[in-house]
Amino acid sequence: MRWRQISALLAIAGGLLAPACASIGRPDGGERDTQPPRYVSSRPAMGATGVDATRFTVFFDENIQLDDAFNKVIVSPVQSTPPSVSANGRRLTVELRDTLVPDATYTIDFGDAIKDLNEGNVLDGFALDFSTGPAIDSLRISGIVLAAENLEPAQGMLVGVYRADSVLPDTTLATTPLQRVARTNQLGQFTVRGLAPGRYRLYAINDINRDYHWDRSEDVAFLDVDLVPSVEHIEVTDTLRARDGSDSIATRPGVRYLPNDVLLTWFNQNYRAQYLKDYKRPTRRTITLDFGAPLDSLPRLEVVNDSLSSRRITPAGPWTVLQINPGRDSLRYWITDSAVYATDSLRLAVSYMRPDSAEQLKWTTDTLRFFFRDPAPKPEKKKKKKNDRDDRPLADSIAATDSIRPDSLPPAPTAFINMRARSSGSQDMHLPVRIEFDDPIASIDTAAIHLAVLRDTVYEPLSTPLLSPDSLSILRRNIAFDWEPGAKYRLTIDSAAVADIYGLHNKPFTHDFTVRPLEDYSGITFAITGLPEGGHPAFVQLLGSNDQPAYSAPVGPGGRAVFTHVNPSTYYARLIVDRNDNGRWDTGIADSIQPEDVYYFAKALKLRKNWDVNQDWDLNELPVDMQKPLAIKKNKPKLKPGEKARRDGDDDEEDDDEFGGNSFINNTGNRNSSTGSAFGRGGLQSAGSGGIRR
């Protein structure tokens, strides 16, 4: 009986399995999950009051993981010890390690640290609010932080507030921790939560030492107006989709927290402590001094070797020639006194400016020892041919050596100045010919320098060119000339025309080169509108793919910036409002002066040979956070698996943000919606278009 029952069961099982065996395939996994984890509940509850617990548990609708929680999760009011944050399945646990402040609203801001386990969808802007008192403060301030010089999104920067009536200029930011804080996400966006009604001052710092206030070497941004957070009631429109694919519109009440459009632009004051970093003697005739910051006053040097009478070495003195690097933080002294550089161990008393305990620069003197020893000559190895050996007796070999007279030895080779042309045989029209030397030059006989242009088959002499000093290096001389496009030139320098500081002269020198024809170049003229009020000067830079300037031109009358003789390539453009008219971008001063404004042209500029471009540029056409092309943006949000970024700058199509928001719009609903008036240098547009305008 039992056997019959088992047989019947097997027959039924076989019947059930047979259809499945007839079709072998991979089960359908359904549509790809693109939604971030959803908050379900928490203990204590979201918005709870009278909380005295320091351990919190948050539950989500799917398994989660954490990304760099140590740096991204932040607590307000600030705590001296970071919280412990862990994830296990759908549960997230936070343990605060500091004592809670009574009657205070707390915010645990997770930033973009939470994402689902399988697809990596980020839950951006999630925060847990609670209060240790009977009420909870719920006001917010939102915005974006960009780099002032190049509009790069500031990722992971600390943003915080002080009560406006507690801020003392030049003191509070440098000594007192921020009262409530948040961190910027991958797009530079932030929301400071849990604010009580009142007036606030807003700052951003890259808090390297995690003390929640600014140190002079850290990046900083500030807003020079007080902010008054508020809330307004709005109607939110939702689109509902039925199973049959039809859509319907529904509205519901909602709130909007203001301001939600604050623009902060960070800069660094380039503060560096003034101290002697390093000193070397790379060659017998040179010594170098490297300092921690640019020098305002040059050091004073004195030789203190007992074997040498006291010889003072000064920048303008007879013993050295001084070479200063463009940053003025590194000095090279070329020693011209043979008695000094012949000494292997050279002792110098070096007097320089160094800060004391009160950060005041004062003169100090160090005695430094500089060593140099000439390397031993390597013995020459005589190459013997196969089966080649000296079978002569030793006495005969010695006699043969003794028979060589000193006057029969070859003379020592004559030393000459090593000089070379930095430019190749193809010369750019707008650049000088550059001649570079190994040692500083003492004198030049201009009558021995000749420049000629090829006419038919004969070089025709031109006016005597000048070897003018280069502003960046004493080892370089320039020959500037109004070059003729496509012409061939010959530069000739006679022997002994140039002498260096050690008395060496040059050999005859010839450099043939051809100037590039006009058709090799491109040109572009910008017609700029929307310049800020105030009439400040401005200049435009053409940038390479590395976001570094290749050409620069001032903005002239009528808002025109003209570039000629541009090498064909793909460029990008940046405009700098040059408030102090010094031809370069300048930082600000914390709590006092904002950095100079910067704008980007939003597309790539493809310049071709023998082609001039006239380009209109409205500085305010796009919000400031959407201006910089993605192709040269370094701080790009991470792509989700399966996503593919399209390059910016296509002339034939618009440059949308493929990351779902190079503008200030958040799809999770945790950050503020985009609306309101402008603060700082601009405000967010409406939620439909997004972005910050100046």
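For the single chain, residues carry numbers from 1 onward in sequence order.
Ionic pairing of K628 and D547 is present here: one or more N-O contacts between side-chain nitrogen and carboxylate oxygen are shorter than 4.0 angstrom. Ion pairing of D129 with R193 is absent here, as no side-chain N (NZ or NE/NH1/NH2) approaches a carboxylate O to less than 4.0 Å. For the pair D586 and R579, the salt-bridge criterion is not met [side-chain N within less than 4.0 Å of a carboxylate O].
Panel note: side chain T57, backbone S42; no donor-acceptor pair is recorded below 3.5 Å. With Q179 contributing its side chain and G160 its backbone, the two residues share no donor-acceptor pair below 3.5 Å. S166 places a side-chain N or O within donor-acceptor distance of the main-chain N or O of R163, the cut-off being under 3.5 Å. N206 places a side-chain N or O within 3.5 Å of a backbone atom of D219 that can act as its donor or acceptor partner.
Between Y39 and F126, the ring planes lie tilted relative to each other; the angle falls in the 30° to 60° range.
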Quiz item: Going through the checks in order, is the side chain to side chain contact (heavy atoms under 4.5 Å, CB included) test met by L223 and Y203?
Solution: CA-CA 7 Å; L223 203 64; Y203 298 89; over 6 Å; no

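Taking the centre and axis of the six-membered ring of Y257, the NZ or CZ atom of R140 falls inside the cone set by 45° and 6.0 Å. Cation-pi geometry between R183 and Y212 is not met: the NZ or CZ atom fails to fall both under 6.0 Å from the ring centre and inside 45° of the normal. For the pair R90 and F60, the cation-pi criterion (under 6.0 Å, within 45° of the ring axis) is not fulfilled.
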